[in-house]
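Start at 1 and go down the list; that is how both ligands and their atoms are numbered. Throughout, numbering of the chain's residues begins at 1 and tracks the sequence. In this text, all values refer to a predicted model and were calculated from it rather than measured experimentally.
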Amino acid sequence: MNAAIETLRKILQLESQKGFQNNCVVGGLDKAGPMWRQQAAQAALPAGFVGTLATGLANYPSLPEGRRPQAVAEMLAQLELLAAGVPVAKPPAATQLRPATQQGAKQPEHQSTNKKQRTPPAERDRPAVQRPVPAAAAVPTEPDPNMHLDSPLTVIPGVGPKFAEVLAKLGLSRLGDTLHYFPHRYLDYSALKPINRIEYGDQATIIGTVREVSGRKVKGGQLHMVRAVIGDSTGEIECTWFNQPWLQDQLRTSLQIQVSGRVDLQLGRLVLSSPDWDEVDSEALHTGRIVPIYNLTKGLGGKQLRRWMHAAVYGVAPRASDPLPAPLREKLQMQSLPAALAAAHFPQNQQQLDAARQRLAFDELFALQLNLRQQRAEWQAQPGHALAEPAGWLASAIGTLAFPLTAAQQRVLADLLADMAQPVPMKRLIQGDVGSGKTVVAALALALAVRNGVQGAIMAPTSILAEQHFRTMRTLLAAFPQLDLGGADMPAVRLLQGSTPATERAAIDEGLRTGTVKVLVGTHAVIQAQVHFAKLGLVVVDEQHRFGVLQRAALREKGMHPHLLVMTATPIPRSLALTIYGDLDLSVIDEMPPGRQQVQTHVVPPKERERAYGLVRKEVAGGHQAYIICPLVEDSDSPDTKAVVEEHERLQRSVFPELRLGLLHGRLRPAEKDAIMQAFRAGEIQILVATSVIEVGVDVPNATIMLIEGANRFGLAQMHQLRGRVGRGADQSYCLLLPEPGSAGAAAARNNSNERLKIMESTSDGFVLADKDLAMRGPGDFLGTQQAGFVDLQMARLSDLKLIEMARREADLLFKQDPLLTLPEHQQLAALVAQSAATASGDVS
Ligand code: ADP
Ligand code: MG
């Protein structure tokens, strides 16, 4: 028996024999604390437990006498847990009584003292399976001779046909499946806290005894709530769960459980609402230290599954064949796949877990990168249209513009020309912050296509933007030399949207088929099945992140093998762009047209709304125009519309009665939207009251002020896009952010959004904002749901740019050497890449 445990056990037993008078040691139990803590530390007992016990001792004298028996009982119970986990010569028999909890303290009479009573019936038939998890997640080198990747789960000791069925519900049917059934989180026993030291907002893990359990209906019977009070020797905390009535039976009084969750505040008291919980696993406590927590299903206990996972993972991990060739693994100093798998399930410490994750994440990213390269190679294996520039044509086209191109625009244009001159389909991404002038570059590329006798298409995510592009293209193309667009009406340049009337649509279809329509501008209607081009040579996709992967794939199918140009204002870091758009070449417009002034951004407290209106009035008086953006509303039927309609009415009636206001929202018919935008562009509307529909791409340089209501509801990337609607001309522009007043959301949420607003004030650099957004919200949110399928990586994080870079570099090298992965040493890798292609929905351009 461990001496530290034994010492404290004797003290506590003596205390209870002496009637809880705090006189079993000289000076009181609290004096024993520091000494014991030292002894326990030397014995390397888990710090969390030691802390809890030491605090329990320190607090003991100040406890009311009535509470002392319980405190002693709990300390003894924790000692017993520790003892059970400490490796001793003779493992405790499964039927051994727990003597410590029987001493002194009064125990609830229905307490289970027999460990075996808690095990499910099926397990009782197999007394031999309680083997402890080995201490070290040592690399398993020898596979279990009876375990193969495709063995049924019934080869795991303790798993019979009935449990195999239960496990199948988790997607586990062969032993090999268990290798990738990773824990959804880990419990680090060394990070345990005594209950009296947890604080509001913590992500806390505690170990305690269930002291009370009750269940009742709340909210007029709609919800069932289970409430449990969990205590340790330092204090107690309430936990609540909703609509899990069965917990009332599972959480028996005096059960020792570990509970993890976010600490909340309810009616001034700390609570854990719907925390994860599990019975304390005394074996894991000492052995793993970091204990994997797996998702469970009905009829399966956490300890049980963990034990089986351990048997399975250790049994078959050595059989997992490593997709990374050994020389590469050595070069990158990565561990073997079997070792990484074992450590990802049963890490010995945090470093081991990190290394395992790193290795597994690398595999995912590496496969993804190779997949992207293969896709691109396939795309470019098809012959494309070589579009040459007739001598001097480009210079004279540029000469018709109202401004000289920036150096960045010229550079990007040169990239495009070089690509399009090849008989290989281009795949290029232009990344340029809002207002950097991507449209004119696209127009020149489209004109070059037309000049070469092929058709071009440009797709935008919203009808407002499609309509604006249509206008811009007509203006620009009309001035460019040597394009035969059918005369003043330009019937060769057409707009196609969902709302285009059937007769006009038929005419466009006809024109596309015969080739008289040369440039098609539109929304996703452009890729609908019935649209057929005679000779599609170039496709431009604007504001790419709004388009789904499948839509882009469908568009590509349209043409022979058109050149593809994707434009995005999403200022993601380069290496992230290369992951997400890894099959595209990247050109960056990293320079704004000259004369732009930074948009002055201010957070205006709601109390000072009048001042904000004053500034709007002043700008309008100076001949400029304004946007007022209404907040996102989420909680009723088409609420954005209602809110913006009411706000428009209120502003027109009682704030700006003397000014001409317009209203724009997503529910308007396209013709109405058109009319409003046209009136705004023409200056007939002075203030445009709008929802965030204007977020993308709208270009009215005379607008110099934007007021964003409910700014706290918008994400950084979205606010940046909104703000990009002003500051598009030479005049000083303003962006006023009005957070909503009052109680919306918890304090924490408010802090977060205030921080966002401050960041908006401090920078207009899209890259900085994107980085912050990425850090605050994670890549899934940041990239939007469209990319969600793609972001479906188990281990890799898109914020891990270093690892992404590494995967990209290695993929490049390998691709040069063996593009189709046909070499024998790349067979595992080929399989992994194929699998990655399937889960990443294949096409990411
Ligand atoms: P974005 O890159 O956000 O799509 P736009 O293409 O809409 O930006 O361009 C923003 C504004 O800048 C437009 O009004 C456009 O006419 C103008 N612009 C583009 N290039 C230049 C330039 N080189 N010099 C001056 N103004 C330019
Ligand atoms: Mg644009």
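For the pairing with R474, the side-chain contact (heavy atoms from CB on, under 4.5 Å) check across L495, V519, V493 returns one residue only, V493.
Using a 4.0 Å cut-off to heavy atoms of P404, the atoms of ligand 1 that qualify are 22 (C), 23 (N), 24 (N). Each of the atoms 23 (N) of ligand 1 lies under 4.0 Å from some heavy atom of T406. Applying the 4.0 Å criterion to heavy atoms of T439 picks out, from ligand 1, the atoms 4 (O), 5 (P), 6 (O), 7 (O). For ligand 1, the atoms closer than 4.0 angstrom to any heavy atom of S436 are 2 (O), 8 (O).
Polar contact with ligand 1: absent for V440 (N/O pair, distance under 3.5 Å). Ligand 1 has no N or O atom lying under 3.5 Å from any N or O atom of L405, backbone or side chain.
Within the 4.0 Å heavy-atom shell around ligand 1 one does not find G432.
Here the straight-line distance linking atom CZ of R728 with atom CG of N702 works out to 13.0 Å at 0.5 Å rounding. One finds the CE atom of M719 at 5.0 Å from the CG atom of L757 (value rounded to the nearest 0.5 Å). In this structure, CG in L663 is found 13.0 Å from CD1 in I687, a value given to the nearest 0.5 Å.
Every residue two or more places apart in sequence or in another chain was checked for a salt bridge (Lys or Arg N to Asp or Glu O under 4.0 Å) with D674, and none qualifies.
Counting heavy atoms closer than 4.0 Å to ligand 1, residue A402 contributes nothing at all. Residue contacts with ligand 1, taken as heavy atom pairs separated by less than 4.0 Å, involve D699 solely via side-chain atoms from C-beta onward. Contacts with ligand 1 closer than 4.0 Å are made by no heavy atom of M567, backbone or side chain.
Between D509 and V531, the closest side-chain pair of non-hydrogen atoms falls below 4.5 Å.
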Test N452 against H385 for side-chain hydrogen bond (donor to acceptor under 3.5 Å, both in side chains), laying out the working first. CA-CA 9 Å; N452 275 271; H385 305 270; over 6 Å; no
